[in-house]
Amino acid sequence: MNKIFIILSLLCVGMTMTAQEQRGHQHHDHASDSTDVFYKHLKLNELTVTGVTGATKLKHSTAPISIVTGKELRQTSSTNIIDAIAKQPGVAQITTGSGISKPIIRGLGYNRIIVMNEGVRQEGQQWGDEHGIEIDGAGINSVEILKGPASLMYGSDAMAGVLILHAAPTLPEGEMKANLSTEYQTNNGLFDYSLNFAGNQRGFVWDGRFSQKMAHAYKNKYDGYVPGSQFREVAGRLMLGLNRQWGHTHLTLSAYHQTPGIIEGERDEHTGQLVHEDDWSGHSYGKWLPYQQIKHYKLVWDNSLNLSRGWLKIIIGYQQNRRQEFEEHHHHAHEHEAEEHDHETEEPALYFKLHTVTYDARYLTHEFNGWKLSTGIQGMWQQSQNLGEEYLIPAYRLFDAGLYLTASKQLSQWTLNGGVRFDHRHLHGDALMENGKERFSDFSRNFSSVTGSIGAVWNMCEHLNLRLNVARGFRAPNMSELGSNGAHHGALRYEVGNKQLKPEYSLQADLGLDFTSPYVSAQLALFASRIDNYIFLRNEGREIDGTAVYSYTQGDARLLGFEAGADFHPIHSLHLANTFSYVDARQLHQPEEAKYLPYTPAPRWTSELKWELLHHSHPTIGHHSHHTHHAAGFSVDNLYLAAGLECYLKQSHVYAVDGTETATPSYTLLNVSAGTDLTLNGKKVSELYITANNLLNRAYQNHLSRLKYGDMNEATGRRGVYNMGRNVVFKVVVPIAL
């Protein structure tokens, strides 16, 4: 071990000398704009993250955290915000077509991930396979991805990690800005636009946004157009507030409406073609039965008070989530206008209405003698109602509360971090009689636990950081796992809950190393996790009314894996970036067909070759001009060209009991992209991006696609529906000067 420390120390010394030489050839004023991965990394290390113990520099974070910047989000083509970050190392998504994505972090998802937005946890119906995240991606300015149960500030459900979706910060005093963004995708005809207007006048701040998105069915070369994969979205957000020396108070109201189709995957038994009962057109943007209608409303009051020795933050939120399913047996018309009118007057078959109130009060100290402390209390109240004519889970009420304390100590080259948290949750399900029979019984459960984490990061030098973190996590079963008893049409199965389920407990260790030199940047993150009472769905091998029955069960599990990345930088403007993500998730003490956990992402390798040219930040080596000369008229800036591969290896580690999962073969996708800023007399007037995903139109099924388990195509012998084929994306962002 001592030899390793000596080698690392010598490496730091050598890199420092090389860095000083490179600084002699680069004008320091341009470092923040440089394409150089070395300067990018140094700047990234100085970023402030909020995911562990309050505001902390990334290089001092003991837990593994990834940051996706606004520029990276704009350069990424996607159909929703989870899709936009799903290629980050260690992150994946469970998909239902192109419109619905659920996040997976290191093989874990559903209620094991907390999504934070506007300072509160996003609460919809995240227990459901086809229930996405009801957040407008156009309003997200950056994303923090916290991996593992190391976050004590967000709640017991954060066993797999936390996604923190940040809106743009408020503008400086006296500024007003507006922008328009729009996008078109060729495969599913997706068209969207978003308008934003924000300002700060004498401390009165505001930020308004309106977005709309629509897409018809997507297609691939095996299935043609996929019925039910069309969707529409409309979203709005308004933030009003005051920024003063004493702190701030902000009130934010947001509304999100989505109307996705339901992909049933049924096929004509003779031709093998996907069928739809209506006079359906693949190019239609209209609603066709069956479909869902999701409405999510959120009101957040965010307050921060600057005190002499710290900050007091109080955030109170109210959310209302309405999820409706409209099914085939309702009357419908064939004409689009009449059809849509008739649907609006129909009663939904399934209708969940969820009310959520969250509260969060925390005190964070200024740094004193290297110490930073934070303590807080937070909790949630929920009420869920069944308002439809069909039922899947009982109506329920939930109340929970958590109390936590964290501390960090900054030494010369070390940061020590730890904390403890107590949680209590009460859950009550209501009885329901249907046609004289008991559909749901009345029951209550209480869950309590103490969790904690401890970690350290060693900043050997500005080029090398070593991290170690150990954390204990806890998650109570949700109402779907405890009380389900009904056909989940969107998931193509009948689900049965288990009221005797025990809570999940995890113990996870993380070891991370990140290294940067002028010519290469590399990261390695290893993790090992043991989960007691892991809850999952298994196929019972029987049917109810022709629908396969799945029931919730549990067992002990262990997960091992790593994420590795390397960005090679042989010359100033050329990058070769590679990442590899792997997780091995197993059930302990089980026979061969049951020893792997379901929904484990396939091993994934990504590689991208990117050429970047910044028009205004390329001083001639050896010439240190302090003046920037802008070309008159139109010119391009921040130009880049990129080609990348996504290689998904074969996933044969599947939960094979009664055909619950099947192996997925390997496949590779080729993507190309380009982008630039368009400037007029040196002032940016637009950002332009073009991306071609799956350029070779490869037919494939992602292992985490739920459509993989649709009907068998008797004509070809292929089962299920395939993912999207070639898709070319055009995107424009226009800042509007005010």
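Positions are given from 1 along the sequence.
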Sequence-distant partners of Arg209, salt bridge (Lys or Arg N to Asp or Glu O under 4.0 Å), two or more places apart:
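Partners of Arg209 under the salt bridge (Lys or Arg N to Asp or Glu O under 4.0 Å) test: none.
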Only counting residues at least two apart or in another chain, list the ones meeting salt bridge (Lys or Arg N to Asp or Glu O under 4.0 Å) with Arg323.
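In terms of salt bridge (Lys or Arg N to Asp or Glu O under 4.0 Å), with neighbours along the sequence ignored, Arg323 is linked to Glu134.
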Does a donor on one side chain sit under 3.5 Å from an acceptor on the other, for [X] and [Y]?
{"X": "His355", "Y": "Gln382", "answer": "no"}
{"X": "Gln125", "Y": "Arg322", "answer": "no"}
{"X": "Ser101", "Y": "Asn80", "answer": "yes"}
{"X": "His166", "Y": "Asn117", "answer": "no"}

Under the ring-ring contact (aromatic ring centres under 6.0 Å, His included) test, which residues partner [X], sequence neighbours left out?
{"X": "Trp381", "answer": "none"}
{"X": "Tyr534", "answer": "none"}
{"X": "His366", "answer": "Trp311"}
{"X": "Phe527", "answer": "none"}

Rounded distance [0.5 Å steps], CG in Asn369 versus NZ in Lys409
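Answer rounded to 0.5 Å: 6.0 Å.
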Would you say [X]'s side chain and [Y]'s backbone share a donor-acceptor pair under 3.5 angstrom?
{"X": "Ser211", "Y": "Val234", "result": "no"}
{"X": "Ser529", "Y": "Leu559", "result": "no"}
{"X": "His257", "Y": "Glu233", "result": "no"}

Can you list the residues that meet the side-chain contact (heavy atoms from CB on, under 4.5 Å) rule with [X], with sequence neighbours excluded?
{"X": "Thr249", "result": "Leu242, Trp246, Trp301, Asn303"}
{"X": "Arg445", "result": "Phe443, Phe447, Leu482"}
{"X": "Lys71", "result": "Thr69, Arg74, Gln75, Asp677, Glu687, Tyr689"}
{"X": "Glu175", "result": "Leu171, Pro172, Lys177"}

Do any pairs count as a salt bridge (Lys or Arg N to Asp or Glu O under 4.0 Å) and have a residue in residues 154-166, sequence neighbours left out, and if so which ones?
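Matches after skipping sequence neighbours: Arg121-Asp157, Asp157-Arg425.
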Restricting to pairs with a member in residues 303-319, which pass salt bridge (Lys or Arg N to Asp or Glu O under 4.0 Å), not counting sequence neighbours?
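Output for this query is empty, none listed.
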Basic-acidic side-chain contact under 4.0 Å: Lys147, Asp510:
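Asp510 and Lys147: not salt-bridged.
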Are any non-hydrogen side-chain atoms of Thr95 and Ile100 less than 4.5 angstrom apart?
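The answer is no; the side chains never approach within 4.5 Å.
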Hey, does Ile104 have a side-chain heavy atom less than 4.5 Å from the side chain of Val91?
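Val91 does not reach Ile104 side chain to side chain.
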Could you walk me through whether Trp127 and Phe352 pass the ring pair (Phe, Tyr, Trp, His ring centres under 6.0 Å) test, one step at a time?
CA-CA 13 Å; Trp127 46 265; Phe352 299 119; 5.6 Å; yes
Testing Ser448, Ser156, Ser449 one by one against His424 for a side chain to side chain donor-acceptor pair (under 3.5 Å), which residue passes?
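That would be Ser448.
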